[in-house]
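When reading the values below, keep in mind they use all heavy atoms of this one structure, side chains included, and skip hydrogens, waters and symmetry mates. To find a chain, count down the sequence lines: A is the first, B the second, and so on, and within it residues start at 1.
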Protein chains: 2
Amino acid sequence: MIAKNHLSAIYKNIAAEITQRIYKGVYPSGAYLPSENKLSQEFEVTRSTIRKALNVLKEKGTIESKQGKGYLVKELHWEQSLLQFYSFGQNIAQNIENPESKLLEHKKIKGLKSIDEFVSTELWQINRLRLMNEVPLILETSYIPIDYLKNFEIPELKQDSLYNLLKKNDNHVVRAKEYLEPVLPSLNDQELLEVKEDSCLFQTIRYSYDSENKLIELRESLIRGDHFSFSVEMTL
Amino acid sequence: MIAKNHLSAIYKNIAAEITQRIYKGVYPSGAYLPSENKLSQEFEVTRSTIRKALNVLKEKGTIESKQGKGYLVKELHWEQSLLQFYSFGQNIAQNIENPESKLLEHKKIKGLKSIDEFVSTELWQINRLRLMNEVPLILETSYIPIDYLKNFEIPELKQDSLYNLLKKNDNHVVRAKEYLEPVLPSLNDQELLEVKEDSCLFQTIRYSYDSENKLIELRESLIRGDHFSFSVEMTL
DNA sequence: AAGTGGTCTAGACCACGCC
DNA sequence: GCGTGGTCTAGACCACTTA
């Protein structure tokens, strides 16, 4: 039951409740939410209050409204949100074609000195190479506590995304922060990404957290700067 | 007068009209808009329709609502929006301290081959160095058609921002797109930014357009990657 | 006390998708 | 035709700011 609490508006409580249900899988991604009318009956408010609540989720990109159909729970929405800033080339909005992912290595390590949260945590280290049209573009290294990824089968990684695997282990990423820096490739990077020693790369580091604010993945990516570019657009 | 046109919702037309008034200076930045009640009288709609229109501008960052006071027209909001992605260092949210701007050079050039819009346009080329706490951080080169910046006095540049100068010449930037790439510094860059040849930089290229979609500034910035980092945060 | 934005109600009509 | 989301109205009460 949603409390009528004047310290925080009702629509915010409803938005939080619906978000929780999405986390917990009551409203699974790919499915539609109950209609505005049904939700307004359940929460005993008018349709406009429900609309205001749903609008909160819509702005965050958690759901998407389709006239005549309903509210669709989006999958991986936040990962796409991060990716929307990347584009290929400068003016061309090319589509992602023939994406491919090669698993280079996976092993257990005892911890990461440089990351406070992972200093003494047993981790999976997973190295992958991402290609597009057979051109190597991104070199990824993920670190995930083994506790969060107990059922880990190699073939799954080739088909499923890491986030889906985490989901199956009941770990839901709800917040992520990503940092970008320009770097030069190491010898190993040069070989794998097929670039020269003087061609700069983007290095991104992404921290992914669950709803309890625990770090569940650290991902370092090296991205070829000659094929990717980061872009931001602003309109008054 | 706002037409009741069912091809596009009324609130969108009102939002566009108010945006135009902000462009034209009817509602200058730093001032408050007329109240919701007054606007609903003028446009002959209910308060909720006005609120929906104002919400469009609020989401874009054009205006800001303050309970009990009104809607404040923000200044340079889009430039701040671009800047919000930059941060100093990785985890520290340091403030910008002792900012300084050195005018290195300014001259007229006959055009830029690499930019279609500027191939045969007489341009101002303005080179500036930005420092923070006496550390050189950003090397900027701006190209502006001389037609758009007729009254150009050197001392003004030291105090006023380029956008304010353009505004005084009745050129209002309403849209900008910025691209980011990792690059290595040239010899000249190394000297000015005080970095070594193997320390990577961010190169950003920003295109600024006015309301008629004319390119009014091209700005290339070289940013020290060891002091700046780009970051994006996403929340479900 | 008066004016402002923030929230919420109850009801209406429209445009879209599907059967 | 029916259910869905999208828009709009008319009015109420609240919280905040300023005088």
Q: Compare side-chain N and O positions of A:Y71 against OP1 and OP2 of D:dT4 and report whether any pair is under 4.0 Å apart.
A: no
Q: Quickly work out the B:E44 CD to D:dC8 P distance and round it to whole Å.
A: 15 Å
Q: With the side chain of B:Y11 defined as its heavy atoms from C-beta on, choose the nearest nucleotide among D:dT7, D:dG6, C:dC8.
A: D:dT7
Q.
With rounding to the nearest 0.5 angstrom, report the CD1 to CZ distance, A:I14 to A:R51.
A. 14.0 Å
Q: For B:N213, check side chain to side chain donor-acceptor pair (under 3.5 Å) against everything at least two apart and list the hits.
A: B:R175
Q. Among D:dT4, C:dC8, C:dA12, which nucleotide sits nearest the side chain of A:R47?
A. C:dA12
Scan the side chains in residues 63-73 of chain A for donor-acceptor partners under 3.5 Å anywhere in the protein, sequence neighbours excluded, and list what turns up.
| unit_1 | atom_1 | unit_2 | atom_2 | d |
| --- | --- | --- | --- | --- |
| A:S65 | OG | A:K58 | NZ | 3.3 |
| A:K69 | NZ | A:Y32 | OH | 3.4 |
| A:Y71 | OH | A:E36 | OE2 | 2.8 |

Q) Closest to the A:S65 side chain: D:dG6, D:dT9, C:dT9? A) D:dG6
Q. Starting at CZ of A:F43 and ending at C1' of C:dT7, how long is that distance when rounded to a whole Å?
A. 17 Å
Q) Quick one: A:N37 CG to D:dG6 P, roughly how many Å, whole number? A) 12 Å
Q) Do any side-chain nitrogens or oxygens of B:S35 fall under 4.0 Å of OP1 or OP2 in C:dT4? A) yes
Would you tabulate the nitrogen or oxygen pairs shorter than 3.5 Å linking the protein to nucleotides 16-19 of chain C?
| unit_1 | atom_1 | unit_2 | atom_2 | d |
| --- | --- | --- | --- | --- |
| C:dC16 | O4' | A:Q67 | OE1 | 3.2 |
| C:dC18 | OP1 | A:K69 | NZ | 3.4 |

Q: For B:N55 and D:dC8, give me the distance from atom CG to atom P, rounded to whole Å.
A: 13 Å
Q: Take the protein atom NZ of A:K58 and the nucleotide atom P of D:dG5, then report the distance between them rounded to whole Å.
A: 11 Å
Q.
Expressed as a whole number of angstroms, how long is the span from B:K52:NZ to C:dG5:C1'?
A. 18 Å
(Q) Just to verify, what does B:Y209 make a side chain to side chain donor-acceptor pair (under 3.5 Å) with, not counting sequence neighbours? (A) none
Q) In whole angstrom, what separates A:I63's CD1 from D:dT4's P? A) 15 Å
Q: Just compare C:dC8, D:dG5, D:dC8 and give me whichever is closest to any side-chain atom of A:E36.
A: D:dG5
**Q.** Position toward the 5' end of DNA chain D (nearest nucleotide), A:S48 or A:K66
**A.** A:K66
Q. Does C:dG5 have OP1 or OP2 sitting under 4.0 Å from an N or O in the side chain of B:R51?
A. no
(Q) Does D:dG11 have OP1 or OP2 under 4.0 Å away from a side-chain N or O of B:T46? (A) no
Q) side chain to side chain donor-acceptor pair (under 3.5 Å) with B:E140: which residues, sequence neighbours excluded? A) B:R128, B:R130, B:R219
Q) Should B:T46 and B:S40 count as side-chain neighbours, where that means a heavy-atom distance under 4.5 Å? A) no
Q: Using side chain to side chain donor-acceptor pair (under 3.5 Å) as the criterion, list what pairs up with A:S35, not counting sequence neighbours.
A: none
Q) What is the distance from CD1 of A:I50 to C1' of C:dA10, rounded to the nearest Å? A) 15 Å
